[in-house]
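Report on one structure; see the data block that follows.
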Amino acid sequence: MAEKIVILTGAGLSAESGLGTFRDAGGLWAQHRIEDVATPEGFARDPALVHAFYNARRQQAATATPNAAHIALARLQKNWPGEVILVSQNVDGLHESAGATALHMHGILAGALCAACGHRWPAPSEMRPQTPCPDCHAPAARPDVVWFGEMPYHMEEIDNHLRDCAMFAAIGTSGQVYPAAGFVVEAAQAGAETVELNLERTEISRAFDRHHIGPATDVVPRWVDGLLTGGARRLPFA
Ligand code: APR
């Protein structure tokens, strides 16, 4: 049975596609208060502000293009003999634009959710507090993204994958937000080999067996080439 690889991706993967990260200098959380734009309380307090924040990110993401790292991950998912499960914290659609499939545990900017009836539909580029739900017609549209204090999506499926993967990789994530930051420990406890690919060491670096330091568009294609030519155990680029 070919080995299963689980790959957690974060904002650093899309940085070179021009989409800002959250905690790097000048990142999104330096420009906005999380409690104002990424919590249910903030949405209840000022839905227009939250919609404006996500409308801007949705429009920016819609014009972004996948970079060499997204493309390499899609190539790995296509050519690896076992399963490659991409678990993304990112809400952009760049994995899909590169031809990959991903479990979006924090939701997607391109999705709208009705806070009244739970209906989901493709988000218009501009959503407002009075945008009606196409199903129940309530003016209760919200971005289909997971805010702080809400349960991430696909957690049961993700946990099952972490328990039976041979390799776990984290790419472009600072490891500061749970439950994603704890995935490496879950995978290691199940016997997986763990590797971190990032521009720099992170708060969870010590939990990984291996590290590849550098920009994602450099280290990810080389890591994928190593896997596809040498196999997970004989990485020349270890
Ligand atoms: N190549 C590789 N890594 C990069 C690059 C790059 N070009 N640029 C930045 N990074 C790394 C940074 O070193 C950092 O470790 O990407 C990481 C970005 O960290 P964050 O901004 O915290 O993003 P992320 O880890 O995805 O945040 C997790 O927090 O706010 C929530 O929901 C939000 O999904 C997000 C979650």
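Both ligands and their constituent atoms are indexed starting at 1 by order of listing. Residue numbers count from 1 along this sequence.
- Nearest protein heavy-atom neighbour of atom 28 (C) of ligand 1: Q89 OE1, 3.4 Å.
- Under a 3.5 Å cut-off, the side chain of D36 and the backbone N or O of G42 do not form any donor-acceptor pair.
- Which parts of ligand 1 touch G10 is read off a 4.0 Å heavy-atom cut-off, strictly below it: atoms 26 (O).
- Remark: Q77 CD to H95 NE2 distance equals 9.0 Å, nearest 0.5 Å.
- Between the S205 side chain and the T202 main chain, a donor and an acceptor come within less than 3.5 Å of each other.
- Ring planes of Y54 and W147: tilted class, angle from 30 to 60°.
- Every atom of ligand 1 with a heavy atom of W29 under 4.0 Å away is listed here by number and element: 30 (O).
- Formation of a donor-acceptor pair under 3.5 Å by the H106 side chain with backbone atoms of Q89 is found in this model.
- Those atoms of ligand 1 with a heavy atom of A216 less than 4.0 angstrom away are 1 (N), 2 (C), 6 (C).
- Among all heavy-atom pairs drawn from S125 and Q59, the shortest one is O-NE2, 3.0 Å.
- The contact set between ligand 1 and E200, taken as ligand atoms under 4.0 Å from a residue heavy atom, comprises 13 (O).
- Nearest non-hydrogen protein atom to atom 10 (N) of ligand 1 is G12 CA, 3.5 Å.
- From the protein, the heavy atom lying nearest to atom 3 (N) of ligand 1 is L199 N, 3.3 Å.
- Between H211 and F208, the ring planes are perpendicular. Angles over 60° get that label, and only those under 30° would be called parallel.
- Nearest non-hydrogen protein atom to atom 27 (O) of ligand 1 is R23 NH1, 3.1 Å.
- Counting heavy atoms closer than 4.0 Å to ligand 1, residue A15 contributes side-chain atoms (C-beta onward) but none from N, CA, C or O.
- Note that the CG atom of L13 and the CG atom of D92 stand 8.0 Å from one another [nearest 0.5 Å].
- At a heavy-atom cutoff of 4.0 Å, ligand 1 is contacted by the side chain of E16 but not by its backbone.
- Each of T65, T63, N67 was compared with S17 under the side-chain hydrogen bond (donor to acceptor under 3.5 Å, both in side chains) criterion, and only N67 meets it.
- Contact of the F168 side chain with the D209 side chain is not registered, since no non-hydrogen atoms from C-beta on lie closer than 4.5 Å.
- Checked by atom type and distance alone, the side chain of W80 pairs as donor or acceptor with a backbone atom of E3 at under 3.5 Å.
- Within the 4.0 Å heavy-atom cutoff, P215 counts among the residues contacting ligand 1.
- Two residues are said to be in side-chain contact when any heavy atoms from C-beta on lie closer than 4.5 Å; F183 and I204 fail this criterion.
- The nearest heavy-atom contact from the protein to atom 25 (O) of ligand 1 is T173 OG1, 2.7 Å.
- For ligand 1, the atoms lying closer than 4.0 Å to a non-hydrogen atom of F148 are 30 (O), 31 (C).
- Protein heavy atom in closest approach to atom 15 (O) of ligand 1: N198 ND2, 2.9 Å.
- For atom 35 (C) of ligand 1, the closest non-hydrogen atom on the protein side is F22 CE1, 3.5 Å.
- In summary, the atoms of ligand 1 found under 4.0 Å from a heavy atom of G172, numbered by their order in the structure, are 3 (N), 16 (O), 17 (C), 18 (C).
- Between atom 26 (O) of ligand 1 and the options A180, A11, S14, G175, the minimum heavy-atom separation is to A11.
- When heavy-atom distances to ligand 1 are checked against a 4.0 Å cut-off, V177 comes that close only through its side chain, counted from C-beta outward.
- Within ligand 1, counting atoms from 1 as listed, the ones closer than 4.0 Å to a heavy atom of D24 are 9 (C), 12 (C).
- Ligand 1 is approached by H106 to a heavy-atom distance shorter than 4.0 Å.
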